[in-house]
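Report on one structure; see the data block that follows.
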Amino acid sequence: MKLTIGYLYGDLMNIYGDTGNIIALKKRCQWRGIKAAIKMFTIRNSLKQGQADLFFFGGGQDQQQELVAKDLGKSAKGKVIKSEIERGVPLLSICGGYQLLGKYYKPHEGPELPGIELFNAYTVASDKRMIGNIVIESMFGKLVGFENHSGKTYLPGDATPLGMVVKGFGNNGEDKTEGCIYKNAIGCYMHGSLLPKNPILTDWLIKKALEVKYGKPIELKPLDNSLENQAHHMAISRFG
Ligand code: GLN
């Protein structure tokens, strides 16, 4: 089997170790004999249906977010991403990427940056940075990461949070929600990199991608997760 991982704006949106998520996805495919290719989709690249089996969209500062928001809105990329998510293609977005998949992100300076409205969420920059280790309780059990954002994201109405904060700030440091999940698309504030310390989530993304691509249920070969679990439990014991 093979898998193409679509790295959205990877040249601009890749702060706080987020590229480590691409490495984790690729390695956990390779360790199972699944061929994993990485394809970057950035400004001026086109994106067509079926070109990626899974998307990753990392974090970035306001400046990069402005460039990316313009490109997402102007090009067909935003519409293609939304239609891919509707047919079940999985996506992981972190912080700055997550913010641009909602309705809008209002930075400290300048006008609102329009999002593609994949998530029923909006974000407003706040006057305090929310920085530190984060632990949440989710459908995957506990997830651990590191957050560094000033943006406060709110989920009005029917949006489903990825999980509830056990330790840390999460979406906004107010309502204990963290992230958002819609179909197989996830947004969250968990840098770190997130996936190396949360193998259950890495495997869920790979499994969903293969099931959509090959149109059948897929059971992944179990891997020895002792190192990953050690990092995961260490983070929980120290911060959770
Ligand atoms: N500029 C956004 C914020 O500070 C996103 C930063 C990030 O991706 N870590 O909230």
Side-chain angles (χ1 to χ4, degrees), residues 8 13 16 18 21 54-60 65 78 81-82 84-86 88-107 112-126 128-205 207-209 232 235-236 239-240:
L8 294 173
M13 304 289 282
Y16 308 134
D18 285 348
N21 295 302
L54 187 164
F55 290 106
F56 177 70
F57 193 5
Q65 286 181 284
I81 293 167
K82 284 179 81 172
E84 293 291 75
I85 301 310
E86 285 305 323
V89 171
L91 171 145
L92 172 65
S93 59
I94 310 237
C95 204
Y98 167 36
Q99 294 170 346
L100 295 181
L101 298 183
K103 294 182 168 189
Y104 63 83
Y105 166 50
K106 174 70 183 79
E112 273 178 16
L113 303 181
I116 66 169
E117 302 195 23
L118 174 69
F119 298 124
N120 181 5
Y122 66 91
T123 303
V124 183
S126 70
K128 79 168 186 178
R129 285 204 79 78
M130 290 159 275
I131 301 177
N133 295 287
I134 174 170
V135 179
I136 71 167
E137 200 53 78
S138 74
M139 62 187 260
F140 302 101
K142 279 198 167 63
L143 295 175
V144 296
F146 183 83
E147 57 187 325
N148 180 342
H149 56 107
S150 82
K152 290 189 167 187
T153 296
Y154 298 93
L155 307 180
D158 59 354
T160 307
L162 172 63
M164 299 308 283
V165 173
V166 173
K167 159 87 174 109
F169 299 96
N171 278 328
N172 49 50
E174 297 160 11
D175 62 14
K176 289 284 186 202
T177 65
E178 161 52 3
C180 188
I181 183 164
Y182 170 69
K183 292 190 179 247
N184 294 327
I186 289 174
C188 67
Y189 277 106
M190 303 172 88
H191 295 285
S193 329
L194 174 64
L195 295 182
K197 292 194 286 288
N198 300 282
I200 188 171
L201 182 52
T202 321
D203 288 353
W204 181 84
L205 289 163
K207 174 180 161 70
K208 292 294 180 190
H232 180 89
I236 292 174
F239 313 118

**OP:** Tell me, with the steps shown, if Leu101 and Phe55 meet side chain to side chain contact (heavy atoms under 4.5 Å, CB included).
**Re:** CA-CA 12 Å; Leu101 298 183; Phe55 290 106; over 6 Å; no
**OP:** Apply the test side chain to side chain contact (heavy atoms under 4.5 Å, CB included) to residues Leu143 and Ile134: give CA-CA distance (whole Å), side-chain angles for both, the deciding distance (0.1 Å), then the verdict.
**Re:** CA-CA 8 Å; Leu143 295 175; Ile134 174 170; over 6 Å; no
**OP:** In sequence, state the C-alpha distance, the side-chain angles, and the governing distance for Lys128 and Ser150, and then conclude on side chain to side chain contact (heavy atoms under 4.5 Å, CB included).
**Re:** CA-CA 6 Å; Lys128 79 168 186 178; Ser150 82; over 6 Å; no
Original post:
Are Leu201 and Leu195 close enough, and set up right, to give a side chain to side chain contact (heavy atoms under 4.5 Å, CB included), and what steps lead you there?
Top reply: CA-CA 7 Å; Leu201 182 52; Leu195 295 182; 3.8 Å; yes
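Aromatic rings of Phe119 and Tyr98 (six-membered ring for Trp) have centroids within the 6.0 Å cut-off, being under it. Centroid-to-centroid, the aromatic rings of Tyr16 and Phe146 stay 6.0 Å apart or farther.
Under the 4.5 Å side-chain criterion, counting only non-hydrogen atoms from C-beta, Ile200 is not in contact with His232. Between Thr123 and Lys106, the closest side-chain pair of non-hydrogen atoms is not below 4.5 Å. With a 4.5 Å cut-off on side-chain heavy atoms, Lys183 and Glu86 count as touching. For the pair Asp18/Phe57, no side-chain contact is recorded, criterion being any heavy-atom separation below 4.5 Å from C-beta on. Lys103 has its side chain within reach of Asn120: a pair of non-hydrogen atoms, C-beta onward, lies under 4.5 Å apart. The shortest side-chain heavy-atom distance between Ile116 and Leu100 does not fall under the 4.5 Å cut-off. Residues Cys180 and Leu162 are not in side-chain contact: their nearest non-hydrogen atoms beyond the backbone lie 4.5 Å or more apart. Between Pro196 and Asn21, the closest side-chain pair of non-hydrogen atoms falls below 4.5 Å.
When Thr153, Asn171, Asn172 are each tested for a side-chain hydrogen bond (donor to acceptor under 3.5 Å, both in side chains) with Tyr189, only one passes: Thr153. Applying side-chain contact (heavy atoms from CB on, under 4.5 Å) to Leu54 and the options Asn184, Leu205, Leu92 leaves one that passes, Leu205.
Taking NE2 of His149 as the start and CD of Gln99 as the end, the distance is 8.0 Å to the nearest 0.5 Å. Annotation: the span from Glu178 atom CD to Ser138 atom OG amounts to 10.0 Å, rounded to 0.5 Å.
Not one N or O on the side chain of Asn133 forms a donor-acceptor pair closer than 3.5 Å with the backbone of Val144. A distance-only check finds no donor-acceptor pair linking the side chain of Glu137 to the backbone of Val165 [under 3.5 Å]. Within the 3.5 Å criterion, the main-chain N or O of Phe169 finds a donor-acceptor partner in the side chain of Glu147. Side-chain N or O atoms of Gln65 include one that pairs as donor or acceptor with a backbone N or O of Gly96 at under 3.5 Å. With hydrogens and angles disregarded, no donor-acceptor distance shorter than 3.5 Å links the side chain of His191 to the backbone of Ser193.
A side-chain donor from one of Glu174 and Tyr154 sits under 3.5 Å from a side-chain acceptor of the other.
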